[in-house]
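Heads up, the thing below is written out as structure tokens.
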Amino acid sequence: EKAEITKEQQAFMKVIVDSYNRHQIPQDVTKKLLQEQYSAEENFILLTEMATSQVQVLVEFTKNIPGFLSLDHEDQIALLKGSAVEAMFLRSAQVLSTKMPNGHTEVLEERIRNSGISEEFMTPMFNFYKSIGKLHMVQEEQALLTAVTILTPDRPFVKDHPAVERLQEPMLEVLRKLCALHHPREPQYFARLLGRLTELRTLNHYHTEMLTSWRMNDQKFTPLLCEIWDVQ
Ligand SMILES: CC(C)c1onc(-c2c(Cl)cccc2Cl)c1COc1ccc(-c2ccc3[nH]c(C(=O)O)cc3c2)cc1
């Protein structure tokens with residue numbers, strides 16, 4: 001029957017979910033959220049460290065997505081560069097929308113709100129965080145939604161669109177079945193989930209402006225972030 005998740009899809013999903021759970025920012029980095037002092041300068045430095053660590057984790061997760069490593073190498077880079085900010089919004093959204101026992105939720109929000117980001121970006125950013133929170137995604141959905149975001153064919157400079165679509169399609173199919181399984185009373189849940197991906201695209205534009213305003217204040221990024229965001 002259409003809605004059943006097949007054995008192959010189960011195995012396919014397990015690879016992605018296990019990789020997603022395995023690749024997390026190390027404790028010694030995230031525990032700094034609670035330790036460092038609260039100044040705009042210190043918050044920016046800490047968030048830069050978190051983003052750098054998150055990009056490294058993201059690259060490892062992406063390499064485990066079935067078929068990703070057989071894509072054209074330049075397309076692999078284009079997909080990572082094109083999706084990094086969106087994937088980090090999704091990841092930070094999970095931290096900000098679930099009450100973390102370690103108290104990281106509150107301190108992360110506090111540091112983001114006081115890191116030199118102008119008010120005009122705060123509203124759309126935290127509206128997104130709220131809308132993700134309302135979805136109460138299960139971790140399989142979070143993992144697959146992140147993989148679907150990374151394997152979005154129409155990123156800048158991607159040459160072989162069809163090859164990326166062939167990888168994204170089976171993930172969308174499993175995600176659709178998962179939504180039906182975990183949210184049986186919300187037939188529109190899958191559509192709402194994909195709607196978040198559209199909202200993420202708009203956040204990309206805000207993020208580009210955030211980077212520009214940080215750079216205007218001579219804020220420094222790490223080499224990895226400079227490379228992935230084409231700055232400096
Ligand atoms: C370079 C820095 C200042 C930056 O620029 N834009 C953003 C930026 C911003 Cl604010 C918002 C959204 C996206 C970006 Cl990309 C950031 C900071 O980005 C991140 C902040 C936190 C986390 C993150 C991810 C996983 C985590 N787990 C835990 C834990 O306690 O387990 C904490 C945590 C933090 C990831 C990226």
Side-chain angles (χ1 to χ4, degrees), residues 20-36 38-62 80-133 137 139 142-143 145-146 149-150 196-197 199-232:
Y20 189 76
N21 293 334
R22 212 173 37 251
H23 296 110
Q24 308 254 358
I25 294 185
Q27 289 288 334
D28 58 316
V29 175
T30 58
K31 74 172 189 290
K32 289 184 181 176
L33 279 168
L34 299 164
Q35 291 163 343
E36 307 299 325
Y38 288 90
S39 67
E41 187 54 36
E42 194 53 50
N43 291 342
F44 179 83
I45 291 165
L46 194 49
L47 289 173
T48 298
E49 191 174 344
M50 308 294 268
T52 304
S53 180
Q54 184 62 38
V55 167
Q56 289 161 340
V57 160
L58 196 62
V59 170
E60 290 315 307
F61 166 66
T62 305
L80 276 166
K81 287 173 69 140
S83 65
V85 169
E86 293 178 19
M88 290 204 272
F89 264 107
L90 284 173
R91 200 71 174 104
S92 53
Q94 275 137 47
V95 178
L96 292 170
S97 53
T98 47
K99 210 104 195 76
M100 306 275 280
N102 50 22
H104 288 187
T105 302
E106 295 76 10
V107 292
L108 179 61
E109 171 157 353
E110 160 70 25
R111 292 186 186 276
I112 290 178
R113 286 192 183 280
N114 177 21
S115 59
I117 298 171
S118 76
E119 259 326 290
E120 68 182 294
F121 306 137
M122 281 301 164
T123 311
M125 263 173 79
F126 281 90
N127 284 344
F128 174 76
Y129 285 138
K130 233 186 265 102
S131 68
I132 284 286
M137 273 192 272
Q139 62 170 240
Q142 290 170 3
L145 190 66
T146 302
T149 302
I150 296 165
R196 297 285 73 79
L197 297 188
E199 192 177 353
L200 270 175
R201 298 271 187 136
T202 63
L203 292 173
N204 260 328
H205 300 301
Y206 285 119
H207 190 266
T208 305
E209 290 176 47
M210 278 160 62
L211 287 182
T212 309
S213 63
W214 273 320
R215 287 173 61 212
M216 242 114 84
N217 302 337
D218 221 14
Q219 296 282 26
K220 289 273 167 286
F221 298 102
T222 57
L224 179 58
L225 293 179
C226 292
E227 195 182 323
I228 204 148
W229 289 336
D230 293 327
V231 292
Q232 257 132 335

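The basis for the numbers below is simple: all heavy atoms, side chains too, and nothing from hydrogens, waters or symmetry mates. In listed order, ligands and their atoms are each counted from 1. In what follows, residues are counted from 1 in the order of the sequence shown.
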(request) Quickly, which of L47, I45, L46 forms a side-chain contact (heavy atoms from CB on, under 4.5 Å) with S115? Name it, please. (result) L47
(message) I want to check something: taking the side chain as every heavy atom from C-beta on, are Y20 and R91 in contact at a cut-off of under 4.5 Å?
(response) yes
(request) Would you please name every residue forming a side-chain contact (heavy atoms from CB on, under 4.5 Å) with S118, sequence neighbours left out? (result) E120, F121
(message) Per the ring pair (Phe, Tyr, Trp, His ring centres under 6.0 Å) rule, what does the pair list look like for residues 98-117, sequence neighbours excluded?
(response) none
(message) Within the structure provided, determine whether T146 and T149 are in side-chain contact (heavy-atom separation under 4.5 Å).
(response) no
(message) I'd like to check the salt bridge (charged side-chain N to carboxylate O under 4.0 Å, His left out) partners of R215; sequence neighbours left out, ordered by chain and number.
(response) none
Ligand 1: protein N/O within less than 3.5 Å of ligand N/O:
| from | atom 1 | to | atom 2 | distance (Å) |
| --- | --- | --- | --- | --- |
| ligand 1 | 6 (N) | H207 | NE2 | 2.7 |
| ligand 1 | 30 (O) | H104 | ND1 | 2.3 |

